[in-house]
Undergrad: 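First the structure, then my questions, so here it is.
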Amino acid sequence: MKLCELWMLVSVSVPTAAHGWVGSIAVSGQLYPGNGLGSSGAPSVIRQVTTNSPVTSVSDSNLACGPNAQLAQDMAIVSPGDEIEIFWVSTEGPWFHNVGPMLTYLANCGSASCAQFDSAQANWFKIQQSGRDSVSNAWVQAALNSGAPANLSLPNVAPGNYLLRHEIIALQNAVYQGGAEFYASCSQISVSGDGSGVPTADELVKLPGAYSATDPSILVDVYTNPSAPYMFPGPPIAAFVEGEPEPSRSASPPTTTANRGASTSTASPIATSCRLKRTAIVQTSRINAAKRWHRALRSFSL
Ligand SMILES: *[C@@H]1O[C@H](CO)[C@@H](O)[C@H](O)[C@H]1NC(C)=O
Ligand SMILES: [Cu+2]
């Protein structure tokens, strides 16, 4: 039995039902706890979702803030330059998916607090996105597996009330249309300070609306050619946001070889054999069966 077959058999028995949600956020070290999954009880800044399941349709209204996200009562006070940490959790503890990008959007709620703001009315602009680490080539998302938060710095955005939307897209099954998993979480923030940044009209998008099921960022095989540049979905990062690299449409693959031996498909006979095997599975099995195999392979890095 080849090593990869052994891997597959071992992996297949791992339960895969649970996913995740945002348990809390922090702004410059101040913690803003969320309610438990499905609860909107205590005042919070986080619009808590009612299930940890992913959204899998790009036209699902839950793409905006996650499944049945509840209005929240509070606003977190944030100034441009503040560090924001987003703590994703799962039933098992830390977030466990490790393949796919993370993106952050803002939408202005208007002059009133965001507490009653309907996310369906939101005009979103992108302020941040991360794909693969340029040195290790691992997806930045994988850093969440240790319990670390996702990090961003609030850009020089004009004062006002905003929904902050953080999104993880899990791509382990994305080789099939409808296989990408979207996890979104909205927090309500009140931006103070003297920022002046505003998005242009053509940088504003609707969610759902901005993504297509066949986007090359959403219907994508991220395993066969791991060093292919990842094309992020949605609009480019708003031009006023400083210090952010442009989307990786123009980025070149990492040049370092550190840490990449195991993830380069031509590097080892085992990897090559697994790749061929996966290709065979994809071509000869019914879609559902193949989906199960791919799910089993989600932590198998190739
Ligand atoms: C966020 O920052 C912390 C502290 O620097 C770091 O340990 C963690 O890996 C970062 N998270 C991500 C997703 O890179
Ligand atoms: Cu999942």
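First listed ligand is number 1; within each ligand, the first listed atom is number 1. Numbering of residues begins at 1 and proceeds along the displayed sequence. Just so you know, these numbers use all the heavy atoms, side chains as well, and skip hydrogens, waters and symmetry mates.
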Undergrad: Give me the ring orientation class for Tyr211 and Tyr105: parallel if the planes are under 30° apart, tilted from 30 to 60°, perpendicular past 60°.
TA: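 Plane angle between 30° and 60°, so tilted.
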Undergrad: Of the backbone and side-chain N, O or S atoms of Tyr183, does one lie nearer to the Cu ion (ligand 2) than 2.8 Å?
TA: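 Here the distance criterion (N, O or S atom, under 2.8 Å) is met by Tyr183, so yes.
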Undergrad: Quick one: the OE1 of Glu181, the Cu ion (ligand 2), ND1 of His19 angle, rounded to 10°, please.
TA: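 Vertex at the Cu ion (ligand 2): approximately 120°.
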Undergrad: Can you check side chain to side chain donor-acceptor pair (under 3.5 Å) on Asn161 and Ser113, steps first, answer last?
TA: CA-CA 6 Å; Asn161 302 310; Ser113 131; over 6 Å; no
Undergrad: Atom OH in Tyr223, atom CD in Gln172: separation rounded to 0.5 Å?
TA: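 Going from the OH atom of Tyr223 to the CD atom of Gln172 covers 6.0 Å.
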Undergrad: Take Trp88 and His166 through the side chain to side chain donor-acceptor pair (under 3.5 Å) test and state the conclusion after the steps.
TA: CA-CA 10 Å; Trp88 285 89; His166 190 254; 2.9 Å; yes
Undergrad: What are the two closest heavy atoms between His19 and Ser90, and how far apart are they?
TA: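 Shortest heavy-atom contact: O-CB, 3.0 Å.
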Undergrad: Which atoms of ligand 1 are found less than 4.0 Å from any heavy atom of Val140?
TA: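 Answer, ordered by atom number: 13 (C), 14 (O).
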Undergrad: Within the 4.0 Å heavy-atom shell around Leu144, which atoms of ligand 1 are there?
TA: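 It comes down to these atoms of ligand 1: 13 (C).
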Undergrad: Would you mind listing which atoms of ligand 1 come within a distance below 4.0 Å of any non-hydrogen atom of Ala148?
TA: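 Under 4.0 Å from Ala148, ligand 1 has these atoms: 8 (C), 9 (O).
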Undergrad: For atom CG of Asp194, decide whether the heavy atoms of other residues, nucleotides or ligands shown that lie under 6.0 angstrom number more than 12.
TA: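 Not more than 12 within 6.0 Å, no.
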Undergrad: Within the structure, does at least one protein heavy atom fall under 4.0 Å of atom 5 (O) of ligand 1?
TA: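 There is no protein heavy atom less than 4.0 Å from atom 5 (O) of ligand 1.
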Undergrad: State the atoms of ligand 1, each with its element, that fall below the 4.0 Å cut-off from a heavy-atom position in Ala143.
TA: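 What qualifies from ligand 1 is 9 (O), 12 (C), 13 (C), 14 (O).
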Undergrad: Who's the nearest protein heavy-atom neighbour of atom 10 (C) of ligand 1, and how far?
TA: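 For atom 10 (C) of ligand 1, the nearest protein heavy atom comes out as Asn151 ND2, 2.4 Å.
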